[in-house]
Amino acid sequence: MRKLLAGVLIVLCVATVTDFSVAAYAEYRYSRALRAASDLDFDPEVTITGFPFIVQATGDDYEQIGITARGTDLGNGRRGDLRSRLSGVHRIGGDWVITESTQLRVDKVTGSLKIDSVNLGRFLGIEDLTVTTPAPEDKAGGGGPGDGILTSDKGIVLTGTVNLPDKGNSGHTTAPPREKVSVSADLSVRDGALRIDATSLYSGSADHVESDVTDAEVPFVLAQFSQTLPVLPLPWSLRAVSAASQGSDVVVDGEAKPLVVTAQDFLPGS
């Protein structure tokens, strides 16, 4: 009996290792197909969930596929992370390995673009920009480890060094005065583009800097943080519908929908 149990355990272990190895190979091949089809600079991270994988692959159905393309080129030296989740994936013909031309019918496709503080600063022309998501003011102990990554679309804190108004020294060639400030800002999406509206100087409990900006200078300062970015790419050409901060990043989310896609549709026109 012990020999029989030992034999069964060995078979199960071998089968499990084999299944994970085959899944890892399939993830690698799909990653390479996405990179080649979309002309990405790096191999995207691909995770195919569900066990056993071999049963899914032979049955042409996958529970879920996650994709993260880090460092995607957004133009002019700016980069972001494209993320997508495919839920209820049905392979339409072809081999079990997903290639550039393999068609996938997907019940639900989600996609987003994450921009970190450095790259958001490049869009705004503020080289030292940082993004902070404050904890809710009405929650005792808010912002602790139990809250995870804080997210919000209103009242986020942007900190950076900007110009102050020229006080009439037009006859001089010296650079305009500059000041590091923290402002409160709201995020939204307008016509598919990320919109940032700085509403006031920030003076709350989150990390920020105190500044000597006068009331008369505030509108000039806020205008430098307020901008509508160009329409940026989302996976599978999804339409951007919302935006929010996530910790020190800003994330633009697309509208989830069912789609039929190939790897060539991940980042068309690239």
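For reference, positions follow the sequence shown, starting with 1. Because only heavy atoms are used, hydrogens play no part in the values below, and waters and symmetry mates are left out as well, while side chains stay in. Because the structure is a prediction, the values reported are computed rather than measured.
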Connected to V260, directly or through other members, by ILVMFWY side-chain contacts below 4.5 Å are I92
Before accepting this row, confirm whether a basic side-chain N of the pair R78/D73 lies closer than 4.0 Å to the acidic partner's carboxylate O.
no
Assess whether side chain to side chain donor-acceptor pair (under 3.5 Å) is satisfied between Q64 and S87, documenting all intermediate values.
CA-CA 5 Å; Q64 193 172 93; S87 301; 3.2 Å; yes
Could you walk me through whether D116 and R70 pass the salt bridge (charged side-chain N to carboxylate O under 4.0 Å, His left out) test, one step at a time?
CA-CA 11 Å; D116 63 21; R70 301 189 188 278; over 6 Å; no
Within the side chain of E100, is there an N or O that forms a donor-acceptor pair under 3.5 Å with the backbone of A36?
no
Quick one: does any side-chain atom of D81 pair with a main-chain N or O of G71 as donor and acceptor, under 3.5 Å?
yes
Within-4.5 Å side-chain heavy-atom neighbours: P233 and L267
yes
Are the side chains of D153 and D186 in contact, using a 4.5 Å heavy-atom criterion?
no
When every non-hydrogen atom of L238 is compared with those of V109, the smallest separation belongs to CD1-O, 4.1 Å
Scanning both residues in full, the closest heavy-atom pair of A263 with Y30 reads CB-CE1, 4.3 Å
Should I98 and I65 count as side-chain neighbours, where that means a heavy-atom distance under 4.5 Å?
yes
Can you give me every donor-acceptor pair (side chain of residues 120-131, partner residue at least two apart or in another chain, under 3.5 Å) with its distance?
unit_1 : atom_1 : unit_2 : atom_2 : d
R122   : NH1    : G77    : O      : 3.1
R122   : NH1    : N119   : OD1    : 3.1
D128   : OD1    : T161   : N      : 2.9
D128   : OD2    : T161   : N      : 3.4
D128   : OD2    : T161   : OG1    : 2.6

Within the distance-only criterion (no hydrogens, no angle test), does the side chain of E179 pair as donor or acceptor with the backbone N or O of V162 below 3.5 angstrom?
no
Between F42 and R79, the two heavy atoms sitting closest are CE1-NH1, 4.2 Å
What's the separation between atom CD in Q264 and atom OG in S38, rounded to the nearest 0.5 Å?
8.5 Å
What is the distance from atom CZ of R83 to atom OG1 of T72, rounded to the nearest 0.5 Å?
11.5 Å
Just wondering, are more than 12 heavy atoms of other shown residues or ligands nearer than 6.0 Å to CG in D41?
yes
Point-to-point distance, once rounded to the nearest 0.5 Å, from CG of D107 to NZ of K257
15.0 Å
Heavy-atom pair of closest approach, residues P44 and S31
O-OG, 2.6 Å
Look at the rings of Y25 and W96 and say which category their plane angle falls in: under 30° parallel, 30 to 60° tilted, over 60° perpendicular.
tilted
I want to check something: taking the side chain as every heavy atom from C-beta on, are N163 and P176 in contact at a cut-off of under 4.5 Å?
yes
Hey, any chance V231 and L234 share a hydrophobic cluster, counting ILVMFWY side chains that come within less than 4.5 Å of each other, even indirectly?
no
Starting from the C-alpha separation in whole Å, work towards a yes-or-no answer on side chain to side chain contact (heavy atoms under 4.5 Å, CB included) for L34 and D43.
CA-CA 8 Å; L34 287 166; D43 289 351; over 6 Å; no
Given L86 and T110, is the side chain to side chain contact (heavy atoms under 4.5 Å, CB included) satisfied, shown in steps?
CA-CA 7 Å; L86 313 181; T110 65; over 6 Å; no
Determine whether the side chains of S188 and R195 contain a donor N or O and an acceptor N or O closer than 3.5 Å.
no
Other residues, nucleotides and ligands only: do more than 12 of their heavy atoms fall within 6.0 Å of CZ on F220?
yes
CH2 of W236 to CG of L104, rounded to nearest 0.5 Å, is 7.0 Å
Over all heavy atoms of both residues, which pair between P177 and P165 is shortest? Give the atoms and the distance, please.
CG-O, 4.0 Å
Taking distance alone, no hydrogens or angles, what donor-acceptor pairs closer than 3.5 Å link side-chain atoms of residues 240-254 to residues at least two apart or in another chain?
unit_1 : atom_1 : unit_2 : atom_2 : d
S245   : OG     : T133   : OG1    : 2.8
S245   : OG     : S152   : N      : 3.4
S245   : OG     : S152   : O      : 3.1

Full working for side chain to side chain contact (heavy atoms under 4.5 Å, CB included) between V157 and V183:
CA-CA 6 Å; V157 181; V183 303; over 6 Å; no
Quick one: pull up CG in L158 and CG in L222 and give me the separation to the nearest 0.5 Å.
10.5 Å
Please report the closest heavy-atom contact between D215 and P219, naming both atoms and the distance.
O-CD, 3.6 Å
Is there a side-chain contact between S101 and T262 (heavy atoms, below 4.5 Å)?
no
Are the side chains of K180 and T159 in contact, using a 4.5 Å heavy-atom criterion?
yes
Would a single hydrophobic cluster contain both I196 and V118, if residues Ile, Leu, Val, Met, Phe, Trp and Tyr are joined by side-chain heavy-atom contacts under 4.5 Å?
no
Could you please spell out the steps behind the side chain to side chain contact (heavy atoms under 4.5 Å, CB included) verdict for L164 and V213?
CA-CA 8 Å; L164 296 179; V213 175; 4.1 Å; yes
Atom CG in L194, atom CG in L113: separation rounded to 0.5 Å?
9.0 Å
